[in-house]
Every structure is written in C-alpha cells, then in structure tokens.
Amino acid sequence: MLIFYHDKKTSFPIMKKAILMLLPLLCMAKNLTLEHRINPPNRELMDVEIVNEIMIIPGNLDGYDFYDISEPTNPTIITNLEIPMGNGNRSLPGLWVSATDSVAYFTCRTKQDGSAIVDFSDPDNPNHVGSLPISGLDIEEPSFEGSDIHGDLLAVAIHEDGVLLYDISEPLEPVLILQRPCENAWTVAFIDTGHFVIGNGDHGIIIEEFDCMEDSCGGSSFETEGAVKDLVVEDDLLYVAEGSDGVSVYDISDMEQPMLLDRYDTPGLSNKIALFDMNKIAVSDWLDVKILEWSGTELQLVGYKSTGKRTMAIGAKDSIIYSAEWQHLQTFSFGDIQEGDMDISTWDMSYPNLEIGQSDTFDLLIENSGQSPLELDPPFINHADFQAINFPEYLETGDTSIAKIIYTRSSQNASGVMQVTSSDPDESPIDVLLVGNYEGGIVGLPAPDFTLPVVANGSGDFVLSEYSGQVVVIAFFAPG
C-alpha cells in the first residue's frame, strides 16, 4: 500500500510522534517474555484458533498451518495445507477459522466458494472436504468473514448479507438454519445457545436472540466508538476490538440494555483479541502485542511487547500468547520478569526526502520493564549516513531513555541496519531497519501522475492528478 502526501511538511512530525506513542508506561514488572520465533510456511497470518493441543493459523498466502502445542511455549509445525484456487497458481486464502475437535471452517471472503471445510481428525493429513452451503439464499457473491462455534452451532458473518447460522451436529455436512440481515457483519460471537453478538462494522454492535419466534425475539443494538473488528464474550462481559479506537468492555447481563464499562484506547490498530486467565485480554495492535486486564472497574495495561513484525492476529492458552504476524509466528509468556527487559518504540525508521547535506532525526524510546537493571552496548550501524546519539548504556528498572537517530543525506543510496544489543536474555540483539533516500518512490517526493483502472471499491479509472491537494491511499495488488 502506498500513501502519497502532497503536503510533505505535515508528514514529518506525525512520523516522529508515532514512534514515541508506541511505548506506554507500566506500573508493574509483569510483561511478555519472548519464548520462540518461527518463520512459518504460510504468509500474512490472519487468525489463530486453538483446539486442545492443536493450533490452526490460516494465511492470506500459502495455505493453512497446523501446529502441535503440547509444549505451549514451543509450537511445532505439523503440516501446511494448500487448497488450489483459480488457475492453480496460488492457494485459497484464509481470513478467519473456527474449529471443533476435528473439523475446521475457514472463511476466505469472496475467493472461490468463500469458505473451506477441512477435516483434521488426522492432523498429519488434513483433508479439504467442501465449503459452507448457501443454496436457496438470494446472495450473488457472499463475502465470508468472522465466525464462531457454540456446541452444534456455527455462525458466520458475511458483511452486507448479514450472518448465517448453521447446524453442525454433522460437522462435515453443515445445514443452514437462518440468515440474519444487517448492514456490514464483520464478525459474530455466541453468548449462549439462543443469543449471539454481531460486530456490525462501522455500525456498532447488534445483540440478538435467534432461538425464538420471529415477533418475540429480544435484543438490542448500539453504536461503538470505532469499527468493530473482533468480539469475545465471557459470562456477562463483552470485549470488543474497535480498530484504531482500542478495546472496550460492556456489561451484557441485560441484553436489551448493555452498558459500556470502560474503553482502553490503544495507539495502534486493535484487530484481534484473545481472553486468558478469566480477565486478561491479549490484543494484536499491529506493531505490538498488548495485555489488558479487567479489574472489575477499568481496563488496565499490564503488559506489552513491541514486535516490529505487523501483528495481525492473536491467540492465548493459559499465560502463553501467540502473535500471528505478517511473516512470523512469535510465542510469548506473560508473567514476572526477573531480568532486565528491553522494549524499543520502533523496529524501522523511514526518513523523508532530503537534499544532499541535509539531516533529519528520529527519536527512539528505549525502556527497561524488567525487575533488574538493563545494560546496553553502543549500537552498531552498518551505513555511514546514519548515527545514534544519546544512546543509553544502563537503565534501572522502569527507566526510559530517548536516543536520537540522525540521517544525513549523501550521494549514496541509504539503507542500513542498526543493531541494538543489551543484557535482555530473550531479545538481543534487535535489528532496526534504517531507510534513507534512494532512487525510487520516497515519502515527501511529488507523486508522478498516472491513470489506472479501478478493480475494487469503485469503477472506471483512477487519475491521480484529479486528487491534487488530498491525501490519497491506494492499494496495489498483483493478480492472483
């Protein structure tokens, strides 16, 4: 995705501020310890489903991965299943997955049949057996998204076509029970055998009774601060991931009059959430993982880890957290950290367009969130156009420091790595990507005019010059 800024001056302070916002302050020494990092077979990891000792992670690219998590901190890949799509040059993507003990239901928006049913009773040899039926419905091209299972029921959100409810008492042969229309069903979660919650995108939340006569069904609806991305129900509490507006918690003991209890506004994009230890919520917040705790009166931040790896989805088993990322799967344990624990505010820095001899500076926030002092070596930078100043050598427990990373443009293309090494036993060294100026598209340079056909979310041609003076966001995708 490219973002073209026609007013280049306004983008510079925004980039600097965003780096400092990524590290909130903790008042306690519990945090996330990195246990394991995997480079998995699939890419763009989109969801995490845990069934007993099996973990299933669908990828937008390269299929669905099945893991053995009998040793929770050390997941091992069992197999990767790729379902051919289209002309066979790529595999069917997976956006969400819900599973019984032996059958998984993947959703893939509009790709192929929009869904895939996989029998994994033999985890070494999972078998694609079909897709969710939609015959008899007035749906031309359903877009399958979030899903949930409760007993013998499967609910699936299909955006503007609402929610579909299936009987899966025969798991390999789902039977469609009903369709509940709404504006933009993004996801759905069961409350019990007769009620579910619909995440209605920008339109908020719908709580609905479905096991009832048509004229007697109870429920309610209300708007949320942000667009609903994910839902978790625990007893009388509803936790909602609201994208750029963070995470909220509602009391739904009275389903016709739900009450907002609190909201924690994360600085990133709260996309997926997972509950553990009854009252803790793991949050995939794009560039980091956050742990929130519901105290009974408020949502509190009790742990975080900046991953720098684009955390797309999250899973949790007891106190073990699985961060599903753009290219990696990372495993963390949540608990007391006796040693020094280093967090930095960003893993990459991209500098604006400069003239030769001009300089620009990014602030890098470094924090010790462990229970022992943290020692740091002088950072190693492999490109002469970058330098670090005010870099700390020692941080006491809870201390923070701001280092300045300066780029001075020369006649060379500038792309390098700053290696940060510390006494943190689970996260050292860290490679911070440094991107200066080079031949090609750079933030701050005028975008050349072009005309391209619009293939999604519109029609006709897109002509850049027609949007002069505006911030234009364009997604470019290679054909699948």
Side-chain angles (χ1 to χ4, degrees), residues 42 46-59 63-70 77-85 91-109 111-137 139 142-158 161-180 185 187-198 210-211 230-233 272 274 313 315 317:
N42 60 4
M46 303 301 293
D47 199 13
V48 179
E49 176 78 335
I50 296 173
V51 181
N52 301 320
E53 295 183 348
I54 301 293
M55 180 168 64
I56 307 169
I57 299 182
Y64 314 146
D65 287 348
F66 292 78
Y67 290 87
D68 179 350
I69 56 170
S70 54
I77 187 76
I78 301 172
T79 191
N80 166 265
L81 174 66
E82 293 194 50
I83 301 171
M85 182 183 70
S91 60
L92 189 66
L95 282 301
W96 297 70
V97 58
S98 294
T100 67
D101 288 343
S102 60
V103 178
Y105 305 91
F106 297 89
T107 62
C108 354
R109 294 195 180 135
K111 301 298 184 183
Q112 209 147 279
D113 295 322
S115 63
I117 303 173
V118 174
D119 180 352
F120 66 97
S121 53
D122 178 2
D124 291 311
N125 296 287
N127 182 32
H128 175 219
V129 298
S131 58
L132 293 170
I134 57 170
S135 59
L137 297 176
I139 300 176
S143 180
F144 288 81
E145 195 75 39
S147 61
D148 193 25
I149 289 175
H150 184 87
D152 290 336
L153 296 173
L154 167 69
V156 184
I158 50 171
D161 293 305
V163 170
L164 301 182
L165 186 66
Y166 292 90
D167 179 343
I168 54 170
S169 53
E170 294 291 337
L172 298 179
E173 298 179 358
V175 176
L176 182 62
I177 300 173
L178 62 84
Q179 177 186 11
R180 199 290 186 190
T187 188
V188 60
F190 284 101
I191 299 173
D192 53 37
T193 55
H195 302 82
F196 53 39
V197 184
I198 301 171
F210 57 82
D211 187 15
D230 199 12
L231 303 166
V232 171
V233 176
K272 295 283 181 75
K317 183 177 184 180

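Index from 1, following the sequence.
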Any idea which heavy atoms bring G315 and I50 closest together, and the distance? C-CD1, 4.5 Å
Check whether any side-chain N or O of D47 sits under 3.5 Å from a backbone N or O of P58 as a donor-acceptor pair, and report yes or no. no
Distance-only polar pair, side chains of S102 and S121, donor-acceptor under 3.5 Å: no
When rounded to the nearest 0.5 angstrom, what distance separates CG in L132 from CG in L154? 6.0 Å
Interatomic distance, D152 atom CG to I149 atom CD1 [nearest 0.5 angstrom]: 10.0 Å
Got a donor-acceptor contact below 3.5 angstrom from the K272 side chain to the V48 backbone? no
Let me confirm one number: the CZ-NE2 distance from F210 to H195, rounded to the nearest 0.5 Å. 8.0 Å
Answer yes or no: is there a side-chain heavy-atom contact under 4.5 Å between W96 and M46? no
So L92 and C108, side-chain contact (heavy atoms from CB on, under 4.5 Å) or not? Walk me through it. CA-CA 7 Å; L92 189 66; C108 354; 3.7 Å; yes
Note, D148 side chain near L153 side chain (heavy atom, < 4.5 Å): no
Side-chain (N52) to main-chain (I54) donor-acceptor, under 3.5 angstrom: no
Might you point out which heavy atoms bring I117 and H128 nearest each other, and give the distance in Å? O-CD2, 3.4 Å
With rounding to the nearest 0.5 angstrom, report the CD to CG distance, Q179 to L137. 5.0 Å
Taking atom types as modelled, is there a side-chain donor on D167 or S169 under 3.5 Å from an acceptor on the other? yes
Just checking, any donor-acceptor pair under 3.5 angstrom between side chains of N127 and D119? no
Under 3.5 Å: donor-acceptor pair, side chain of N42, backbone of I57: yes
Check: E49 side chain, A99 main-chain N or O, donor-acceptor pair, under 3.5 Å: yes
Work out which heavy atom in T187 is nearest to a heavy atom in G146; give both atom names and the distance. OG1-CA, 3.6 Å
Residues A116 and Y64: closest non-hydrogen pair is CB-OH, 4.2 Å
Do you know the tightest heavy-atom contact between M85 and Q112? CA-OE1, 3.1 Å
Would a distance-only check, ignoring hydrogens and angles, find a side-chain to backbone donor-acceptor pair under 3.5 Å from D113 to S115? no
Please tell me if the side chains of V188 and V197 come closer than 4.5 Å, counting only heavy atoms from C-beta onward. no
Student check: side-chain heavy atoms of R180 and L165 closer than 4.5 Å: no
Give a yes or no on whether the backbone of V156 and the side-chain of S147 come within a donor-acceptor separation of less than 3.5 Å. no
What distance separates F120 CZ from T100 OG1, expressed to the nearest 0.5 Å? 5.5 Å
Taking the side chain as every heavy atom from C-beta outward, state whether F144 and D161 have any pair of such atoms under 4.5 Å apart. no
Is the shortest heavy-atom distance from the side chain of P174 to the side chain of Y105 under 4.5 Å? yes
Please report the closest heavy-atom contact between T79 and P126, naming both atoms and the distance. CG2-CD, 3.5 Å
OG1 of T107 to CD1 of I158, rounded to nearest 0.5 Å, is 11.5 Å
Do V118 and V103 touch side chain to side chain, with heavy atoms closer than 4.5 Å? no
For the pair I78 and D124, evaluate side-chain contact (heavy atoms from CB on, under 4.5 Å) and give the outcome as yes or no after the intermediate values. CA-CA 6 Å; I78 301 172; D124 291 311; 3.2 Å; yes
Taking the side chain from Y166 and the backbone from P133, do they hold a donor-acceptor pair closer than 3.5 Å? yes
Parallel, tilted or perpendicular: ring planes of H150 versus F190, cut at 30 and 60 degrees: tilted
